[in-house]
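Presented below is the structure to which this report refers.
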Amino acid sequence: MNIILAHNEISNWLSNRILQLYGLDDMPEVLEPENPQFGDFTTNVAFQLAKKVHKAPLSIAEEIVNSDLPECIKCADVTAGYINFSLSNDVISSIIKNLLSNPDDWRKLHTEKAKKIQVEFVSANPTGPLNIVSARAAAVGSTMANILRSVGHNVTTEFLLNDTGNQIHLLDNSFEARIAQIKGKEATIPENGYHGEYIKDYAVEYIESGTDVKPEQWILNKITSEQKQSLEKFRTHFDVWFSEKKFRRSGKIDSIIQRLESLGTTYERDKATWFAASKFNSNIKDFVLIKSDGEWAYGLVDIAYHANKFEERGFDIVYTILGPDHYGHRDRLEASMKALGHDDKLKILILQQVNILEGSEKVKMSKRAGKIITMDELIDDVGVDAARFFFLARRMEAHLDFDLNLARETSDVNPVYYVQYAHARIRSILKFAENKGLKIEKKINDIKFELAIEPEEILLIRKTIKFPLVVRNASIILGAHLIPFFLIEYSKLFHNFYTKHRVVGENRELSLTRLGISAAVAETIRWGLCLCGISTPNQM
RNA sequence: GCCCCUGUAGCUCAGCUGGAUAGAGCAUCGGACUUCUAAUCCGAGGGUCACAGGUUCGAAUCCUGUCGGGGGUGCCA
């Protein structure tokens with residue numbers, strides 16, 4: 001038994017009752033009440049039916065409950081029209097024992113029908129070190145991928161390497177100008193080229209290495225491999241680095257343009273080829289696929305790239321995380337996927353930007369001007385754990401003001417330490433108990449959860465068994481932030497429990513029960529932090 | 001102009017596919033270590049959920065409008 005099954009059982013039971021009593025084919029919502037006094041699950045279905053069946057909510061609720069309850073339920077109370085369900089003790093106890101004896105299985109939810117999903121994120125231009133904006137994307141994208149895997153999907157992470165085009169030319173020109181300057185030759189960096197110091201450092205390194213690799217190739221390799229390193233250090237792994245350059249040579253782009261033409265979605269104007277995007281979404285304007293000089297526009301390449309994800313690589317769903325400056329691009333891409341028959345398979349998520357503040361002044365970041373806060377600096381200053389938690393503990397749509405000074409100062413009070421501390425505390429208790437001859441792993445079957453009668457114990461147990469619901473919900477609403485917020489609240493419950501009740505005490509049976517609860521909490525925190533790519537130290 | 005995001009405690013933010021008394025962290029003030037980790041806990045103060053209408057048994061949540069903040073609206077990528 002697990003909580004997801006129990007939840008489904010209640011939902012199904014309710015729909016059956018509604019069908020039996022009123023002949024209505026509804027799928028009622030079964031929610032968790034905020035206040036624990038209202039049980040483990042609650043439904044407001046009586047209110048919703050009141051109008052349809054012309055009865056008072058209270059009597060509807062009573063009618064529904066007046067029958068055999070689902071097996072997992074101890075009791076169903078009707079209060080003010082709500083129906084509140086409480087799980088039976090056996091179910092609760094078996095869920096926790098299951099968790100303790102097979103933590104790895106417990107982490108595999110398999111709640112959804114497995115789909116082949118791609119998450120594309122960061123995809124920064126390889127023109128310099130990754131900045132703090134990419135760090136937010138990295139934290140969110142990698143955590144989303146972890147969450148989707150947890151519920152049973154087959155997930156691939158991808159970084160689109162923009163290794164060709166204007167920005168790359170500018171980078172190359174800037175790099176070669178720096179090399180020439182260092183060699184004492186007259187050279188100027190293009191006005192809108194890359195002026196950052198790092199280009200100078202790379203130029204020195206290039207010259208000193210005496211390599212015969214062309215500067216253009218060398219700088220690209222250099223920057224890409226440094227980006228990879230930074231990302232790995234930030235616990236963000238990409239399964240695929242997809243080269244735009246290679247893709248452009250594959251011939252797929254020509255075939256996409258032909259298909260769009262044969263679908264009648266394109267037209268010629270001013271010597272350019274346009275896509276009639278407004279046909280698919282009246283809010284957007286048509287845009288250019290092939291420029292008047294015969295070059296492919298970025299929009300076209302990206303259409304072909306996304307079509308490739310579905311057609312060549314067979315993804316059922318693709319999540320592409322973009323910054324708000326690509327907002328205009330979202331509707332265009334989605335319209336084009338519709339044209340190609342991939343309705344609703346592509347979901348573009350806009351991750352709001354990070355504003356950098358220095359005191360109260362907003363700092364404009366620009367790679368070209370060389371003003372950036374790099375991901376490496378962030379890692380050095382505040383650490384991976386604190387940085388990831390900081391980025392994850394807000395939803396995607398939230399604009400984020402990042403004051404680096406404040407972040408440094410508050411890294412001590414970042415809630416991540418609060419959560420990690422709860423875990424470390426428990427490890428320490430378990431060790432203490434083990435030294436006294438109470439090794440919880442060997443006594444799981446002896447635990448008597450009915451001994452847990454203190455409110456703090458009951459709250460912890462309730463919250464523990466429900467974490468899978470949080471993970472599932474996060475996977476559905478694509479809200480990675482649900483995990484950190486759960487962990488903060490959850491850790492608070494534990495710290496509170498810890499100060500009020502002694503875990504390892506005189507009474508061996510009670511100690512065992514409390515150790516069982518504590519071990520389950522530690523396991524849950526470990527899972528949650530692991531989803532977030534955050535470490536779980538055993539001592540702090 | 002049009003489109004997207006956003007406005008909740010002094011600060012940073014949860015809560016938004018409508019539900020029971022609006023939450024957390026930080027900051028402020030007052031308490032708690034002889035005992036498994038005080039990186040902790042307990043308590044207090046702090047709110048016109050931007051504003052105005054509407055829908056509903058019920059609105060921070062949905063709809064309309066107004067105002068404020070951010071972004072987009074390229075034959076750049």
Side-chain angles (χ1 to χ4, degrees), chain A residues 29 31 33-35 37-38 42-44 47-48 50-51 56-57 79-82 84 125 127 162 164-168 170 192 244 269-274 281-285 287-299 301-302 323-331 350-353 355 362 390 393-403 406 409-410 412-418 420-422 424-433 435-436 476-477 479 481-482 484-486 488-489 491-492 494-505 511 514-515 518 539-540:
Chain A
E29 269 193 305
L31 304 165
E34 267 179 55
N35 189 331
Q37 82 182 60
F38 298 129
T42 187
T43 181
N44 55 11
F47 291 97
Q48 284 158 350
K51 199 165 249 179
T79 14
Y82 296 93
N84 299 324
N125 283 334
T127 52
N162 302 111
T164 181
N166 273 351
Q167 299 307 315
I168 294 295
L170 279 172
N192 51 357
E244 182 184 334
R269 194 175 75 201
D270 303 334
K271 291 184 183 165
T273 304
W274 294 69
N281 179 343
S282 55
N283 285 332
I284 54 177
K285 296 177 186 162
F287 61 94
V288 167
L289 296 171
I290 301 178
K291 299 188 238 172
S292 53
D293 62 5
E295 291 275 317
W296 293 324
Y298 161 74
V301 178
D302 220 31
D325 50 333
H326 287 72
Y327 158 70
H329 194 55
R330 180 182 72 173
D331 289 345
I350 301 291
L351 179 64
Q352 285 300 328
Q353 71 186 42
N355 297 316
K362 204 167 268 188
F390 182 81
R394 60 207 68 218
R395 57 193 212 288
M396 285 200 191
E397 302 83 22
H399 299 244
L400 169 57
D401 286 338
F402 192 94
D403 185 329
L406 199 71
E409 277 174 34
T410 56
D412 291 341
V413 289
N414 188 309
V416 73
Y417 298 108
Y418 183 81
Q420 287 177 323
Y421 184 61
R425 234 180 181 178
I426 296 171
R427 300 308 312 177
S428 163
I429 296 167
L430 296 178
K431 207 170 164 189
F432 177 85
N435 291 338
K436 295 209 157 197
I476 293 169
I477 69 165
H481 68 282
L482 296 184
F485 280 102
F486 172 90
I488 292 173
E489 210 177 314
S491 302
K492 188 180 177 68
F494 180 78
H495 287 307
N496 188 6
F497 158 78
Y498 174 87
T499 38
K500 284 199 180 139
H501 305 288
R502 181 144 185 112
V503 177
V504 183
S511 301
R514 289 184 175 163
L515 279 169
S518 304
Q539 47 179 306
M540 290 173 73

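Chain letters run A, B, ... following the sequence lines, proteins first and then strands; every chain starts at 1.
B/C33 takes the syn form, because its glycosidic angle lies no more than 90° either side of 0.
Ring pair A/Phe485/A/His481 is perpendicular by interplanar angle, where above 60° counts as perpendicular and below 30° as parallel.
Across the protein-nucleic acid pair, A/Tyr298 atom OH and B/A77 atom P stand 9 Å apart, rounded to whole Å. As a whole-Å value, the separation of A/Lys492 NZ from B/C41 C1' is 8 Å.
Not one side-chain nitrogen or oxygen of A/Thr499 sits closer than 4.0 Å to the OP1 or OP2 atom of B/C41. At the phosphate of B/G15, OP1 or OP2 sits under 4.0 Å from a side-chain N or O atom of A/His481. The side chain of A/Arg395 contributes an N or O atom lying less than 4.0 Å from OP1 or OP2 of B/U6. Regarding contacts with the backbone of B/U37, every side-chain N or O of A/Lys431 stays at 4.0 angstrom or more from both OP1 and OP2.
With both ends at atom C1', the span from B/G10 to B/G46 equals 8 Å, rounded to whole Å. Distance check on atom C1': B/G53 versus B/A14 gives 28 Å, rounded to whole Å.
In this structure, the aromatic ring of A/Tyr82 is not positioned over the six-membered ring of the base of B/G19 within 5.5 Å between centres and 30° between planes.
Below the 3.5 angstrom threshold, one finds no donor paired with an acceptor across the side chain of A/Asn414 and the base of B/A39.
Counting non-hydrogen atoms under 4.0 angstrom, A/Asn44 reaches a base of the nucleic acid. Looking at heavy-atom distances under 4.0 Å, A/Gly165 makes no contact with the nucleic acid at all.
Partners of A/Phe38 by ring-ring contact (aromatic ring centres under 6.0 Å, His included), not counting sequence neighbours: none found.
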- Item | Secondary structure string for RNA chain B (Watson-Crick or G-U under 3.5 angstrom, | for other-strand pairs) | (((((((..((((.....[...)))).(((((.......))))).....(((((..]....))))))))))))....
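Each of A/His501 and A/Met396 has a nearest nucleotide on RNA chain B; the 5'-most of these lies closest to A/Met396.
Formation of a donor-acceptor pair under 3.5 Å by the A/Ser428 side chain with backbone atoms of A/Ala424 is not found in this model.
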